[in-house]
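Below is one structure, written out as structure tokens; comments come after it.
Quantities reported herein were computed from a predicted structural model and do not represent experimental measurements.
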Amino acid sequence: MNLMTMNVSITDNEFTQIREMIYSCFGINLTEQKRSLVEGRLAKVLRTRGYSSFEEYFSNLANDDSGAGLLELIDRISTNHTFFYREAEHFDYLQNRALPAIIERQAATGDRTIRIWSAGCSSGEESYLLAMLLREALGREFSKWEVAVLATDISISALEKAEKGIYNNLNVSKLPDFLLKKYFMKLKDDEYNVVPAIKQMVVHRKLNLVRPEYPFRKKFQVIFCRNVMIYFDQVTRKNLVDKFTMHLDSKGYLFVGHSETLGRDNKNLTYVKPALYQHEIQR
Ligand SMILES: C[S@@+](CC[C@H](N)C(=O)[O-])C[C@H]1O[C@@H](n2cnc3c(N)ncnc32)[C@H](O)[C@@H]1O
């Protein structure tokens, strides 16, 4: 049978195998409802790689020591949907309350650095917007500060898109007009490229959030991890939030997605408003 037209279906055992692999490597909890989605997305991998069954695909995955197969797998399974100004209240709070407070606090201690982490940045819409708002908040003082946005994700294709910084009308449709005019170059009717001054502020890196420790020496004043934990179970979420807290500066902010409100037992994190927490060190 032609590989392009063959109909491959996943058995119960194979689905369990893939679930366990995805959970242990990436923390993503694939429920039974995701079965047909997984089947559909992986069928494409089978076709492009020329495997005739899931069994053959899995045995190749198990023997692949390079890790490339696993990265391709997570690339296909993860949901990268995002857009500029998603969950606008977060950006309004950041602009009007959090950044002015951070700037004042840092300036008072003589430490003119601000570090923001977009954890699970997908194709860069969140991380570039954070850089734009940071630049706006510092205004004419910008050049006197050392600022950076770290943008991490597990998906290589999302990170490649982020690096390019090219977006269409739909991606930018919620963005305030002045930001679109100021920080994008129009390439074509339906294509905008983020200006170099903003790109230079953002460092994109591959990072698996479920790794036991993160390789950062300096603390962040702000961490955004939105619409990522939704795919994790409670244990994984709790571990993640503990690690974020360790990497947050005192009084630093943790923004999560609006459907990801944290439980109450998050030591040292104070609830500010829905989907926003602040690091308060309790003694
Ligand atoms: C829906 S997007 C969220 C993008 C953006 N933060 C937003 O709120 O619009 C979820 C992202 O989480 C990433 N992701 C999922 N599991 C991950 C893991 N274990 N480590 C790092 N990133 C992960 C996915 O690759 C995807 O790009």
Side-chain angles (χ1 to χ4, degrees), residues 1-83 119-124 126 151-163 204-214 225-244 256-257 259-260 262-263:
M1 197 195 308
N2 180 339
L3 274 175
M4 299 308 282
T5 54
M6 78 184 177
N7 189 11
V8 271
S9 58
I10 199 163
T11 64
D12 286 351
N13 266 345
E14 287 163 348
F15 185 60
T16 305
Q17 214 177 325
I18 201 92
R19 268 170 94 159
E20 286 174 0
M21 199 185 287
I22 294 279
Y23 180 74
S24 74
C25 297
F26 307 108
I28 295 177
N29 187 21
L30 290 173
T31 55
E32 188 58 38
Q33 287 95 307
K34 292 277 160 69
R35 189 185 178 117
S36 57
L37 180 136
V38 170
E39 201 170 62
R41 289 190 181 176
L42 291 190
K44 279 192 198 146
V45 180
L46 262 62
R47 278 200 295 271
T48 42
R49 298 269 171 230
Y51 298 125
S52 55
S53 64
F54 279 104
E55 198 185 345
E56 190 187 347
Y57 171 54
F58 290 144
S59 93
N60 273 275
L61 210 52
N63 293 322
D64 168 25
D65 294 331
S66 72
L70 261 184
L71 284 178
E72 182 184 32
L73 171 66
I74 188 64
D75 224 20
R76 296 302 173 120
I77 297 293
S78 66
T79 301
N80 304 121
H81 174 72
T82 184
F83 51 90
C121 63
S122 188
S123 37
E126 182 178 274
T152 64
D153 204 282
I154 194 65
S155 162
I156 301 288
S157 62
L159 288 169
E160 281 171 357
K161 183 165 185 233
E163 287 275 346
H204 292 102
R205 289 279 179 274
K206 176 170 79 64
L207 183 129
N208 187 353
L209 287 170
V210 300
R211 60 184 279 170
E213 285 172 3
Y214 301 141
C225 184
R226 306 183 316 150
N227 306 301
V228 179
M229 288 189 276
I230 195 169
Y231 305 107
F232 297 163
D233 66 5
Q234 212 178 337
V235 179
T236 313
R237 274 205 294 265
K238 170 89 178 76
N239 284 335
L240 209 62
V241 171
D242 287 347
K243 283 184 283 179
F244 286 149
V256 300
S259 50
E260 299 168 315
L262 312 184

Closest non-hydrogen atom pair between His204 and Cys121, with its separation: CD2-SG, 4.3 Å

Are a donor atom and an acceptor atom from the side chains of Ser122 and Asp153 found within less than 3.5 Å of each other? no

Please assess Glu126 against Arg226 for the test salt bridge (Lys or Arg N to Asp or Glu O under 4.0 Å), listing each intermediate value before the final yes or no. CA-CA 9 Å; Glu126 182 178 274; Arg226 306 183 316 150; 2.8 Å; yes

Between Lys243 and Leu209 the two heavy atoms that sit nearest each other are NZ-O, 3.0 Å

Closest non-hydrogen atom pair between Phe54 and Ala43, with its separation: CZ-N, 4.3 Å

What do the steps show when you test Glu260 against Arg237 for salt bridge (Lys or Arg N to Asp or Glu O under 4.0 Å), and what is the final call? CA-CA 9 Å; Glu260 299 168 315; Arg237 274 205 294 265; over 6 Å; no

Where do Arg19 and Thr31 come nearest, in terms of heavy atoms and distance? NH2-CA, 4.3 Å

For Thr82 and Ser123, the nearest pair of non-hydrogen atoms, with its separation, is CG2-OG, 3.6 Å

Counting only heavy atoms from other residues, nucleotides and ligands, does the tally under 6.0 Å from CD of Glu56 exceed 12? yes

Thr152 side chain reached by Lys206 side chain, heavy atoms, under 4.5 Å: no

If you measure from CZ on Arg41 to CG on Asp75, what distance do you get to the nearest 0.5 Å? 10.5 Å

Check step by step if side chain to side chain contact (heavy atoms under 4.5 Å, CB included) holds for Lys161 and Asn80. CA-CA 11 Å; Lys161 183 165 185 233; Asn80 304 121; over 6 Å; no

Looking at Glu163 and Glu160, would you say the former's side chain and the latter's main chain have a donor-acceptor pair under 3.5 Å? no

Is any side-chain heavy atom of Leu42 closer than 4.5 Å to one of Ile18? yes

Between CD on residue Glu72 and CD1 on residue Ile77, distance to nearest 0.5 Å: 10.5 Å

Under 4.0 Å between a side-chain nitrogen and a carboxylate oxygen: does that hold for Arg35 and Asp12? yes

Partners of Tyr57 by ring pair (Phe, Tyr, Trp, His ring centres under 6.0 Å), sequence neighbours excluded? Tyr51

Interatomic distance, CZ@Phe232 vs CD1@Ile28, rounded to 0.5 Å, equals 5.5 Å

Test side chain to side chain contact (heavy atoms under 4.5 Å, CB included) on Asn60 and Arg49 and set out the steps. CA-CA 11 Å; Asn60 273 275; Arg49 298 269 171 230; over 6 Å; no

Do you see a donor-acceptor pair shorter than 3.5 Å between the side chains of Asn239 and Thr236? no

Kindly indicate whether the side chain of Tyr231, heavy atoms from C-beta on, has any atom under 4.5 Å from the side chain of Thr79. yes

CA sep, side-chain torsions, deciding dist, call: Cys25, Leu70, side chain to side chain contact (heavy atoms under 4.5 Å, CB included): CA-CA 9 Å; Cys25 297; Leu70 261 184; 3.9 Å; yes

Separation of Leu71 CG from Ser155 OG (nearest 0.5 Å): 9.0 Å

Run Asn13 and Thr16 through side-chain hydrogen bond (donor to acceptor under 3.5 Å, both in side chains) and show every step you take. CA-CA 5 Å; Asn13 266 345; Thr16 305; 5.2 Å; no

Closest non-hydrogen contact found for Leu30 with Lys34 is CD2-CB, 4.2 Å

Which is it for Leu207 and Ile154 under the side chain to side chain contact (heavy atoms under 4.5 Å, CB included) test, yes or no, and what are the steps along the way? CA-CA 5 Å; Leu207 183 129; Ile154 194 65; over 6 Å; no

Test side-chain hydrogen bond (donor to acceptor under 3.5 Å, both in side chains) applied to Ser36 and Glu39, step by step: CA-CA 5 Å; Ser36 57; Glu39 201 170 62; over 6 Å; no

Side chains of Asp64 and Ser66: do they bring a donor and an acceptor to under 3.5 Å? yes

